[in-house]
Number of protein chains: 2
Amino acid sequence: MNETDIFRALSDPTRRAVFEKLAAGERNATELREGFGVSQPAISQHLAILRGAGLIRERRAGRHVHYSVEPDGLEPLFSWIERHRAFWPARVDRLKDLLREMDQ
Amino acid sequence: MNETDIFRALSDPTRRAVFEKLAAGERNATELREGFGVSQPAISQHLAILRGAGLIRERRAGRHVHYSVEPDGLEPLFSWIERHRAFWPARVDRLKDLLREMDQ
DNA sequence: CAAACAGATAAGTATCTGCTTATTTGTTTG
DNA sequence: CAAACAAATAAGCAGATACTTATCTGTTTG
């Protein structure tokens with residue numbers, strides 16, 4: 001949920017690729033595994049970390065678990081960027097406004 | 001320079017705090033060390049990682065080395081966010097425009 | 001120029017990470 | 001209900017990470 005968890009979760013290329021795949025739409029763990037040369041437990045562990053960072057959610061359906069992006073999951077990352085508006089005075093004020101709109 | 005390096009560099013709380021301190025203005029290694037209960041080599045190593053990720057730059061002045069934020073260092077992170085416009089269709093199209101402006 | 005200083009580098013270490021295989025839990029279906 | 005299936009968990013391991021102390025390099029200054 002915090003910045004460290006989010007940065008850490010996204011610092012792994014496989015995990016970032018999984019997240020990006022989910023950004024294109026809901027997938028179950030088996031579908032997510034396709035294309036990665038990695039074991040089923042590895043994907044399961046990556047999903048647990050993404051979930052722990054608040055970036056994805058799961059929806060159980062029988063023996064399948066469908067994963068999808070948590071819509072506001074990246075919000076702490078946006079906030080962190082915004083907090084640098086001291087350094088990018090005008091630029092990030094605009095970003096701030098944009099992010100506020102996104103919340104609606 | 002790539003996304004992985006940037007996410008990794010920012011995933012450490014101490015390193016993120018150093019970066020944030022630099023966002024407030026140029027500092028040398030000794031000044032940066034203040035407030036962290038950490039050895040001089042530790043800070044030096046953190047700075048090397050931030051530098052390797054393209055997030056900070058250094059300016060040598062005698063026996064001092066002054067560090068500052070690399071203005072476009074976070075650009076790959078912004079681009080990565082932007083690349084999710086498939087998921088936030090309208091929202092991120094706006095962000096895209098904003099980032100284009102920022103490039104000018 | 002010797003002593004002090006700023007910072008980087010070396011080397012060692014405990015802990016963390018990402019992976020594996022093996023096993024477990026729970027669900028579906030012939 | 002047994003076999004197959006989807007996914008999580010356990011345990012172990014090689015490599016990475018963040019730190020330490022010790023040392024080195026380079027700069028300044030009394």
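What you see is a predicted model, and the numbers here were worked out from it, not measured in a lab.
Between R8(A) and the phosphate of dT17(C), there is a side-chain N or O to OP1/OP2 separation shorter than 4.0 Å. Proximity of S39(B) to the phosphate of dT20(D): a side-chain N or O atom is located under 4.0 Å from OP1 or OP2.
Note: CD (E34(B)) to P (dA6(C)) measures 11 Å, nearest angstrom. Between the CG atom of N28(B) and the P atom of dT28(D) there is a distance of 14 Å, rounded to whole Å. Between Q40(B) atom CD and dT25(D) atom P there is a gap of 15 Å when expressed in whole angstrom units. The separation between L50(B) atom CG and dT17(D) atom P is 14 Å, rounded to whole Å. Atom CZ of R33(B) is separated from atom P of dC5(C) by 14 Å (rounded to the nearest Å). The CD1 atom of I43(A) sits 13 Å away from the P atom of dG18(C) (whole-angstrom rounding). The distance between atom CG of D12(B) and atom P of dT17(C), rounded to the nearest whole Å, is 11 Å. dA8(D) atom C1' lies 15 Å from atom NE2 of H64(A), rounded to whole Å.
When each of dA7(D), dA11(D), dC19(D) is scored by its nearest atom to the side-chain atoms of Q45(A), the top-ranked nucleotide is dA11(D). With distances taken from any side-chain atom of Y67(B) to the nucleotides dG7(C), dT20(C), dT20(D), the minimum falls on dG7(C). Out of dC19(D), dA8(C), dC19(C), the shortest distance to the side chain of P41(B) is found at dA8(C). Of all nucleotides listed (dA6(D), dT20(D), dC5(C)), dC5(C) comes nearest to the side chain of R63(B).
Note on R15(B): only backbone sugar-phosphate atoms sit closer than 4.0 angstrom, heavy atoms only; bases stay farther off. Nucleic acid contact class of A29(B) (heavy atoms, under 4.0 Å, all strands): sugar-phosphate only. If you check every strand for non-hydrogen atoms under 4.0 Å, F36(A) touches nothing.
Looking only at side-chain heavy atoms (C-beta outward), R57(A) and P71(A) come within less than 4.5 Å of each other.
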Test side chain to side chain contact (heavy atoms under 4.5 Å, CB included) applied to L10(A) and L55(A), step by step:
CA-CA 9 Å; L10(A) 296 175; L55(A) 294 176; 3.8 Å; yes
Given the rule in the side chain to side chain contact (heavy atoms under 4.5 Å, CB included) test, do I56(B) and E70(B) qualify, once you have shown the distances and angles that lead to the verdict?
CA-CA 4 Å; I56(B) 64 173; E70(B) 182 73 57; 5.5 Å; no
Side chain to side chain contact (heavy atoms under 4.5 Å, CB included) evaluation trace for I43(B) with Y67(B):
CA-CA 12 Å; I43(B) 292 292; Y67(B) 289 92; over 6 Å; no
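Below 30°, between 30° and 60°, or above 60°: for W80(A) and F7(A) the angle between ring planes is above 60°, a perpendicular geometry.
Both I49(B) and E58(A) lie near DNA chain D, and the one whose nearest nucleotide falls closer to the 5' end is E58(A).
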